[in-house]
Amino acid sequence: MSASSRTPLVDHEDRTRIRTHLDTTLVVEAAAGTGKTTELVARMVNTLAEGRARIGEIVAVTFTEKAAGELKLRLREEIEHAREQRLGEPRQRLEDALAHLEDAHVSTIHGFCADLLRERPVEADVDPRFEVLLEPVANLMLDGVVDQWLQQTLEAPTEGVRRVLRRAYRDDDGEAGPRAALRRAVRAL
């Protein structure tokens, strides 16, 4: 079946809006595998080609390092493809974007926030040599804080704490008891 004989997708108008309404702020919510990344990349490429932003002014955040790496690769591929299709200034803007692709802020939310803090450590009142903790280390630290708080709280528990202590609880990992309930609540916050 040729591309021209395909039935347009039900959300064709929404996809077109994502790609072309560059002066509109959008929130795109859809299930995995529906094309969000494809449309996001197309929007970024159009933004670059039309001169609405330079590559260093674009920010795209995702949840995992793997997804951020894949997003950056797709952005490179689509800029290269679009560059072949455009002429004049749009083509030159895309060539400039390729030359400075490493200036793009395509990372995890943690990585993006860390970059902001490193750019302004004095204003943020942080040590410029700070490091973002890996999840296992962060979980160990969090567990230590929860344990310390629980020990202090048990010296004079409030009625709310007493109710939590009386409840049966088991988390997704099979850990039971109030400590597991508190850890889950703290992680949710």
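Numbers here are sequence positions counted from 1.
- Listed for the Lys36 side chain is a donor-acceptor partner under 3.5 Å among the backbone atoms of Ala30.
- Between Gln148 atom CD and Thr153 atom OG1 the span is 10.0 Å, to the nearest 0.5 Å.
- Heavy-atom contacts from other residues, nucleotides or ligands closer than 6.0 Å to NE2 of His21 number more than 12.
- By the criterion of side-chain heavy atoms lying less than 4.5 angstrom apart, applied directly or through intervening Ile, Leu, Val, Met, Phe, Trp or Tyr residues, Phe112 is not grouped with Leu40; the two fall into different hydrophobic clusters.
- Atom CD in Glu155 sits 10.5 Å away from atom CG in Leu150 (nearest 0.5 Å).
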Pair Leu26-Ile18, side-chain contact (heavy atoms from CB on, under 4.5 Å): steps then yes or no: CA-CA 7 Å; Leu26 301 171; Ile18 292 167; 4.1 Å; yes
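- Glu39 contributes atom CD, which lies 5.0 Å from atom CZ of Arg15 (distance to the nearest 0.5 angstrom).
- A distance-only check finds no donor-acceptor pair linking the side chain of Thr62 to the backbone of Ala67 [under 3.5 Å].
- Side chains of Pro121 and Leu117 form no contact here, defined as non-hydrogen atoms less than 4.5 Å apart.
- Heavy-atom minimum distance, Val41 versus Leu75: CG1-CA, 4.0 Å.
- Annotation: Arg52, atom CZ; neighbour count of heavy atoms from other residues, nucleotides and ligands within 6.0 Å is above 12.
- Side-chain N or O atoms of Asn46 include none that pairs as donor or acceptor with a backbone N or O of Thr20 at under 3.5 Å.
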From CA spacing to verdict: side-chain contact (heavy atoms from CB on, under 4.5 Å), Val106, Val59: CA-CA 6 Å; Val106 179; Val59 175; over 6 Å; no
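- For Arg93 (side chain) and Ala49 (main-chain N/O), a donor-acceptor pair under 3.5 Å exists by modelled atom type.
- The heavy-atom pair separating Arg54 from Leu48 by the smallest distance is C-CD2, 3.6 Å.
- Remark: side-chain polar atoms of Arg118 are paired, donor with acceptor, to backbone N or O of Phe130 under 3.5 angstrom.
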Trace of the side-chain contact (heavy atoms from CB on, under 4.5 Å) decision for Ile79 with Arg76: CA-CA 5 Å; Ile79 291 172; Arg76 174 183 293 283; 5.9 Å; no
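- In this structure, the side chain of Arg91 does not engage the main chain of Ala82 through any donor-acceptor pair within 3.5 Å.
- Residue-environment remark: CD (Glu159) exceeds the threshold of 12 foreign heavy atoms within 6.0 Å.
- Between Thr24 and Arg17, every side-chain heavy-atom pair lies at or beyond the 4.5 Å cut-off.
- Separating the CD atom in Glu123 from the CG atom in Leu116 is a distance of 11.5 Å, to the nearest 0.5 Å.
- Scanning both residues, Pro157 and Leu154, for their nearest heavy atoms gives CD-O, 3.3 Å.
- With respect to Lys72 and Glu102, a salt bridge is recorded, a charged nitrogen being found less than 4.0 Å from a carboxylate O.
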Full working for side-chain contact (heavy atoms from CB on, under 4.5 Å) between Glu77 and Val45: CA-CA 10 Å; Glu77 290 169 0; Val45 170; over 6 Å; no
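- Within 6.0 Å of CG on Asp127 lie more than 12 heavy atoms contributed by other residues, nucleotides or ligands.
- Remark: side-chain polar atoms of Thr16 are paired, donor with acceptor, to backbone N or O of His12 under 3.5 angstrom.
- Counting heavy-atom neighbours within 6.0 Å of Gln85 CD, excluding the residue itself, gives a total above 12.
- The neighbour count for Glu80 CD, taken as heavy atoms of other residues, nucleotides or ligands under 6.0 Å away, is above 12.
- Taking CD1 of Ile55 as the start and NE2 of His105 as the end, the distance is 9.5 Å to the nearest 0.5 Å.
- With rounding to the nearest 0.5 angstrom, the CZ atom of Arg86 is 6.0 Å from the CG atom of Leu94.
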